Amino acid sequence: MKKLLFLSVVLFVLCGCSNDDKLKPGQPDNESTVFVPHFYGAARLENPAPETRGVANALKMWTKPVAEENLTVKFLNGTEYYRELVKETVKEWEKVAGVRFYFVNDNENALIRIGFDYVPGMMSSWALTGTDHLQVYNKQTEPTVHFAQWRRALDKLRRRDVLRAFGQVLGLELEFRHPNFTPGWITDENGNVDETRIREYWENELGNYISWEELKKIVLDPLQDQTFLISKTDSYDSESVMTWPFYEMIAQNIPLMEYDEDCKSELSVQDKEFIQNIYGPTLKDYIGNRYFELIEFDYTGTTPEFTLTTTKNTAVIWDKETKEATNFYLPTDTTTVYKFTATHTFAENKKHRIIIAEILERGQQIPTESTALTKFDLTNGEGADNFDIKLLNKALWYIRIIGGENFTSQDFDFTGYDNLKELYLVGTLDSRVTVENCDNLEVLATSRFIYKPEDVSGPLQTTVLGTSVDNIYLIEGPIAEWPMEDIPFAQWPVSAEPAYSLSDLNGTGVSILNCSNIKEISLENTRINNIDFSGLSNLEYVYLSSTKDYLVGGSSGYNAGEYLVTALSTLNKRPSNNMGIIVLRGVTTSTSIYPPDYVEVPIVIDELEQINAQLELKNWTAIWDSGLCPQDPAVPWPGGEE
């Protein structure tokens, strides 16, 4: 595998071409035109001293302040499509190292200037190396990066050009110049590199444009390891974006423009490792000035995973202490929001402080609020603790945290989250939740989503059939028909969540205050004894399930159902033309499976008449049978659908 090091390179592609007829170059006059051969490698051709040209020459590296905050880029010409492709592609370098490219307006000064077929007659794509850009900073009408012959190229080839060119901008060298690279298939009868064939190839390609004495230093002579000035990887990396396989092309007589099979359009593993070794990790010292923190939480484990929906570029700082981060940039074609899954593998199973942050623009003042994040879905929350979901998130309307049997029980306080609409806390064990002054909250759930009947049929009221058997009644009442085709196998409501959510063990498990717009509450497999629905004037659907000792079927004394009676007594009266629906489900644990599998069981209840009276008075109907086996209704339901 090869790893490339610092240098700027000119990739000649000399075959028939014409300028992109969609471009309007505004080209400089001949006196100020930069000629391709003017720069080669890490030194000007007129000063090609090997000590100034290295695989990763310390003299060509950018300093941290420049690499982090001052690598400005502008376009001298180019279609909007070309520009967006460049902007999107250069982010690949930013994702893995402590560098950042700032694109400025065309009329501003910039270190890096990009031209597309900008110089008349030029057939090559090239870039200056690292700090060589400083030598021509005053020539703002001249390109320092040049892309040629894109008109007929595929996007994959264009992407390759951008990655390689900006590798050169960062100081990287073409990989074939690695001292350990040996083109064994281009040798003469004595086993030596066949210089004659290489010379003939390039002279044919370039039409004697450059003297062989100068060109030889670039296309044949390997870089010399100059100890403290030179950085390089241990081995040649054939997968690097900095590869240019012209040796093999010579051997097979393949013209440059026809060699697409070996196109490298993604950074290799060694590319990423090497550039990070040079410029450090992505985060560096950006917390507080580059990243605007939106959510923080501790994670103990090896593989966190969550899905984010954003409207702006977002970063995930996987470990605040070690400053290990990943940047997620919106695709250029995004018009609304961008959804992506962020996951990471830690080498060490210990506590890490994870931060989700908005990436600030260059020179942007630290804001007081953010509209970047719209949804936070922690799909693997076991090991997560100490959540700080900041109130400054003014567009965050959806939060879901899925824990499990090893979740750390904690207190969730959502007070003043006036933008929050849906909140799901699944498998959170003995945690407690307070939602207060959440004016727009519509959904509160301990299930993964809100699951509602497609249809309700049968009588409005539930009645007992016969006498109880072992304290369990047979009943007749409303029947729910569920959309079975949408139920993932062995998931709710086919079987309850295997880990319970919320309990009264350490105080009131569910507290709702001043959240009058809540419409749906789904408390799946909870260990709470009571919930107060007072003030929820818009509540229209409730799902409750628990084992027999808790809210559904539990009691404080001898009568099963006393907890439920107390809770239902706090329901608001529904409008006469819009009946509310409550689904009640008893679950029990099957000990034959680990982790435990909760299965449906009949609900033991002694307070049916009192509950019926409450529900009839307030225009609610209760479905005691979950109706998991769809059936045709025997009797039409007079109340109709909700």
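Being a predicted model, the structure only gives us computed values, none of them experimental.
Between Asp161 and Arg158 no salt bridge is recorded (no basic side-chain N to carboxylate O distance below 4.0 Å). Salt bridge annotation for Glu422-Lys375: absent, with no cationic side-chain nitrogen under 4.0 angstrom from a carboxylate oxygen. Residues Arg159 and Glu88 are not paired through a salt bridge, judged by the lack of any N-O separation under 4.0 Å between the basic side chain and the carboxylate. Between Glu92 and Lys95, at least one side-chain N (NZ, or NE/NH1/NH2) sits under 4.0 Å from a carboxylate O, which counts as a salt bridge.
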Please tabulate, for side-chain N and O atoms in residues 433-441, each donor-acceptor pair with protein atoms closer than 3.5 Å (sequence neighbours left out).
| from | atom 1 | to | atom 2 | distance (Å) |
| --- | --- | --- | --- | --- |
| Asn437 | OD1 | Asn514 | ND2 | 3.1 |
| Asn440 | ND2 | Asp418 | O | 2.5 |

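Contacts of Tyr424 classified as ring-ring contact (aromatic ring centres under 6.0 Å, His included), with partners at least two apart in sequence or in another chain: Tyr398. Asp532 is linked by a salt bridge (charged side-chain N to carboxylate O under 4.0 Å, His left out) to nothing, counting only residues two or more places apart in sequence or in another chain. By the side chain to side chain contact (heavy atoms under 4.5 Å, CB included) test, Thr311 pairs with Val337, Thr374, sequence neighbours left out. For Leu523, the side chain to side chain contact (heavy atoms under 4.5 Å, CB included) partners at least two apart in sequence or on another chain are Thr446, Ile521, Thr526, Ile528, Ile531, Leu544. Partners of Tyr102 according to the ring-ring contact (aromatic ring centres under 6.0 Å, His included) rule, which considers only residues two or more places apart in sequence or in another chain, do not exist here. Partners of Phe407 under the ring-ring contact (aromatic ring centres under 6.0 Å, His included) rule, at least two apart in sequence or in another chain, do not exist in this structure. Under the rule for a ring-ring contact (aromatic ring centres under 6.0 Å, His included), the partners of Phe166 that lie at least two apart in sequence or sit in another chain are Phe101. In terms of the side-chain hydrogen bond (donor to acceptor under 3.5 Å, both in side chains) criterion, residue partners of Thr307 (sequence neighbours excluded) are, by chain and number, Thr341.
Checked by atom type and distance alone, the side chain of Thr570 pairs as donor or acceptor with a backbone atom of Phe533 at under 3.5 Å.
Contacts classified as salt bridge (charged side-chain N to carboxylate O under 4.0 Å, His left out) and involving residues 502-512 (residues at least two apart or in different chains) are not found. Residue pairs that meet the side-chain hydrogen bond (donor to acceptor under 3.5 Å, both in side chains) test with at least one member in residues 342-351, sequence neighbours left out, are Glu324-His344. Note on residues 388-397: pairs passing salt bridge (charged side-chain N to carboxylate O under 4.0 Å, His left out), not counting sequence neighbours, are Glu296-Lys390, Asp388-Lys390.
Between Thr415 and Asp413, the side chains place a donor N or O and an acceptor N or O closer than 3.5 Å (distance only, hydrogens not considered).
Between Phe412 and Ser431 the shortest side-chain heavy-atom distance falls below 4.5 Å.
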